[in-house]
**Student:** 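Take this structure, written in structure tokens, and hold onto it; I'll ask about it next.
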Amino acid sequence: MRRVVVTGMGAITPIGLSVDEFWNGVKESRVGIAPITQFDTSGFKTKIAAEVKDFVAKDYIEPKACKRMERFSQFAVVAAKEAIEQAGLDMEKEDPYMVGTAIGSGTGSLQVIERNKERIDTKGPSRLEPLMIPLMISNMAAGNVSIMFGLKGKSINVVTACATGTHNIGEAYRTIQYGDADVMLAGGTEACVTPIGIGGFTSLTALNTTEDCSRASIPFDKDRAGFVLGEGAGVVVLEELEHAKKRGARILAEIVGYGSTSDAYHITSPAEDGMGAAKAMMAAMKDGGIKPSEVSYINAHGTSTHHNDLFETRAIKTALGDVAEKIPVSSTKSMVGHLLGAAGGVELITCVKSIEDNYIHENVGLKNVDDDPEFTLNYIKDQGLHTDVDVCLSNSLGFGGHNATLAVRKYVD
């Protein structure tokens, strides 16, 4: 089986508009949650979100192209551009049919739906935007990245709600393993801080309605009360090892395992015993030939909802067994909120940076670990941890029962 390495990364997040800005924010334990600015929240119970700040698409993308992309696609293109530049990927030297795209979005553009619903109500159906459909549909993130950079290989958009980014990276990893591509741009993107997005999740009672931004997204805390909606993108360049070495690419880390399961249980709640998520972790470790004792860090899905944090704790204990309580666990969502389809991409980048810097971030805002006797894992709190990081597991769990885990390790030739 062909080995797959990470050679480039790009990120647009609520705490930084590049990987370096994001990672510096992580090391500073910066929280990107604030009052919503993209619409008037009067009448809404939820008034905060983790918005991307100061993003001007025209600073990165030619203005005419910007008009043919919605915010979620713009995020993906800009993150992909950063990843390609870091990887030093020159498409003029590549077979474009061996370079593909796997970038997903959980919702596509809610903004287009909202704008055109108002148009059809006030002006009639003849006044709908001509590009409404191609602007709206979720595969357009992958499509725009493919078009922008001339990537003519496999182009897919795996949509599994909050597990979208992780599944896209996993499927890209498999694509390279089996020889269908030499290089894949992979990850996720999301931009749904809109009235429908906030209102819909609030109606589902999934969001924390507090206005205390420092205590809004607090995974594993006894006072957690729902997740905080975020937005952004995380894209990585995955590459077959020999292809990367031949062109002299700097190798950041190696993807060694991927596990994917379904709870087949409930449309929003994870399985109570955590077995689906546990099986995904176990599959990723088996795929990578990793023993539980070799795992340095688990980047948890950690949404700050009652059910997720409890059931994921059970899953980690089942998957890692006797060593589970020794392994550091933290959730990047404590800083950037829940980026839905983009979460897995940004969190995989977090794992790669953890390996590069031998640093594990804290669960920011975690003051009192849930006093339920099951919460006995090593949830990092108060400050980050400087330690050797060789192997990371990154978990994602999505509405509909989707579970995915990636295993990434320090590259050794």
Side-chain angles (χ1 to χ4, degrees), residues 1-7 9 102 104 158 160 163-181 183-184 186-188 234 236-242 244 251-262 274-302 312 315-321 323-324 326-330 332 343-356 360 388-398 402-413:
M1 202 71 71
R2 305 197 323 162
R3 292 172 68 182
V4 181
V5 294
V6 181
T7 56
M9 303 188 295
V158 180
T160 50
T164 292
T166 299
H167 272 124
N168 277 278
I169 295 170
E171 294 304 314
Y173 160 71
R174 286 279 186 260
T175 295
I176 295 172
Q177 274 191 319
Y178 282 90
D180 291 339
V183 182
M184 292 288 290
V236 295
V237 174
L238 300 187
E239 194 164 350
E240 190 271 326
L241 174 60
E242 295 306 318
I251 295 170
L252 308 178
E254 181 175 4
I255 306 291
V256 294
Y258 169 47
S260 180
T261 66
S262 176
M275 188 54 70
K279 286 288 188 181
M281 284 183 269
M282 292 161 75
M285 288 189 288
K286 180 180 179 181
D287 190 30
I290 297 165
K291 299 175 183 177
S293 60
E294 295 178 290
V295 176
S296 309
Y297 168 53
I298 298 173
N299 187 286
H301 188 57
E312 188 177 9
I316 291 170
K317 289 183 176 183
T318 299
L320 281 300
V323 300
K326 300 177 183 178
I327 300 170
V329 175
S330 64
T332 309
V346 170
E347 289 158 13
L348 190 278
I349 289 169
T350 300
C351 289
V352 173
K353 294 301 293 184
S354 295
I355 288 169
E356 282 193 313
I360 295 169
D388 289 340
V389 182
D390 293 315
V391 177
C392 301
L393 299 182
S394 181
N395 291 338
S396 292
L397 320 178
H402 307 287
N403 306 301
T405 297
L406 291 166
V408 56
R409 76 183 314 157
K410 190 169 290 183
Y411 169 69
V412 178
D413 194 359

**Student:** Only counting residues at least two apart or in another chain, list the ones meeting side-chain contact (heavy atoms from CB on, under 4.5 Å) with Ala280.
**Tutor:** Thr261, Asn403, Thr405
**Student:** Taking only residues two or more places apart in sequence, or in another chain, which ones meet Glu254 in a salt bridge (charged side-chain N to carboxylate O under 4.0 Å, His left out)?
**Tutor:** Arg3
**Student:** Test your reading of the model: is there a side-chain donor-acceptor pair from Glu240 to the backbone of Arg2, 3.5 Å cut-off?
**Tutor:** no
**Student:** Below 4.5 Å, heavy atoms only, C-beta onward: do Leu348 and Ile255 meet side chain to side chain?
**Tutor:** yes
**Student:** Mind checking what makes side-chain contact (heavy atoms from CB on, under 4.5 Å) contact with Gln177, not counting sequence neighbours?
**Tutor:** Met1, Val4, Tyr173, Arg174
**Student:** Main chain of Val391, side chain of Ser296: is a donor-acceptor contact present, judged purely on distance under 3.5 Å?
**Tutor:** yes
**Student:** With a 4.5 Å limit on heavy-atom distance, are the side chains of Val256 and Val408 in contact?
**Tutor:** no
**Student:** Is there a side-chain contact between Leu238 and Val5 (heavy atoms, below 4.5 Å)?
**Tutor:** no
**Student:** Report yes if the side chains of Val6 and Ile251 come closer than 4.5 Å at any heavy-atom pair, otherwise no.
**Tutor:** no
**Student:** Can you name the residues that form a salt bridge (charged side-chain N to carboxylate O under 4.0 Å, His left out) with Lys410, not counting sequence neighbours?
**Tutor:** Asp390
**Student:** Any chance you could measure Tyr258, atom OH, to Thr166, atom OG1, to the nearest 0.5 Å?
**Tutor:** 8.5 Å
**Student:** So which heavy atom on Glu171 is nearest to which on Val158, and how close?
**Tutor:** CG-CG2, 4.1 Å
**Student:** Give a yes-or-no answer on whether the side chains of Thr332 and Asn299 include a donor-acceptor pair shorter than 3.5 Å.
**Tutor:** yes
**Student:** Please find the pair of heavy atoms, one from Ile316 and one from Ala324, that lie closest to each other, and give the distance.
**Tutor:** O-CB, 3.8 Å
**Student:** In Å, rounded to the nearest 0.5 Å, how long is the span from CG of Leu406 to CG of Leu393?
**Tutor:** 9.5 Å
**Student:** Where is the tightest heavy-atom contact between Ala284 and Gly259, given as atom of each residue plus distance?
**Tutor:** CB-N, 3.7 Å
**Student:** Begin from the C-alpha positions of Ile355 and Tyr411 and carry the test side-chain contact (heavy atoms from CB on, under 4.5 Å) through to its verdict.
**Tutor:** CA-CA 9 Å; Ile355 288 169; Tyr411 169 69; over 6 Å; no
**Student:** With Asp388, which residues qualify under side chain to side chain donor-acceptor pair (under 3.5 Å), at least two apart?
**Tutor:** none
**Student:** Mind checking what makes side-chain contact (heavy atoms from CB on, under 4.5 Å) contact with Ala315, not counting sequence neighbours?
**Tutor:** Ala277, Ala278, Met281
**Student:** Glu242: which residues meet the side chain to side chain donor-acceptor pair (under 3.5 Å) condition with it, sequence neighbours left out?
**Tutor:** none
**Student:** In chain order, what residues pass the side chain to side chain donor-acceptor pair (under 3.5 Å) check against His167, with sequence neighbours excluded?
**Tutor:** Thr160, Ser260
**Student:** For Lys291, check side-chain contact (heavy atoms from CB on, under 4.5 Å) against everything at least two apart and list the hits.
**Tutor:** Ser293, Glu294
**Student:** Go through it in stages, so that I can follow the logic: the residues are Glu239 and Thr7, the test is side chain to side chain donor-acceptor pair (under 3.5 Å), and I'd like the CA-CA distance, side-chain angles, deciding distance and then a yes or no.
**Tutor:** CA-CA 7 Å; Glu239 194 164 350; Thr7 56; 2.9 Å; yes
**Student:** Which heavy atom of Ala319 sits nearest a heavy atom of Pro292, and at what distance?
**Tutor:** O-CG, 4.3 Å
**Student:** Verify, without hydrogens or angle tests, whether His402 (side chain) and Ala163 (backbone) share a donor-acceptor contact under 3.5 angstrom.
**Tutor:** no
**Student:** Measuring only between side-chain heavy atoms, which start at C-beta, is Met9 closer than 4.5 Å to Val352?
**Tutor:** yes
**Student:** Please answer whether the main-chain N or O of Thr164 pairs with a side-chain N or O of Asn168 as donor and acceptor at a distance below 3.5 Å.
**Tutor:** yes
**Student:** What is the distance from atom CE of Met184 to atom CD1 of Ile176, rounded to the nearest 0.5 Å?
**Tutor:** 6.5 Å
**Student:** Listed by chain and number, what are the salt bridge (charged side-chain N to carboxylate O under 4.0 Å, His left out) partners of Lys279, not counting sequence neighbours?
**Tutor:** none
**Student:** Rounded to the nearest 0.5 Å, what separates atom CD1 in Ile298 from atom OG in Ser394?
**Tutor:** 10.5 Å
**Student:** Apply side chain to side chain donor-acceptor pair (under 3.5 Å) to Ser354 and list each qualifying residue two or more places apart in sequence or on a separate chain.
**Tutor:** none
**Student:** Which heavy atom in Ser330 sits nearest to a heavy atom in Tyr297, and how many Å separate them?
**Tutor:** OG-OH, 2.7 Å
**Student:** Which heavy atom of Glu347 sits nearest a heavy atom of Ala300, and at what distance?
**Tutor:** OE1-O, 4.4 Å
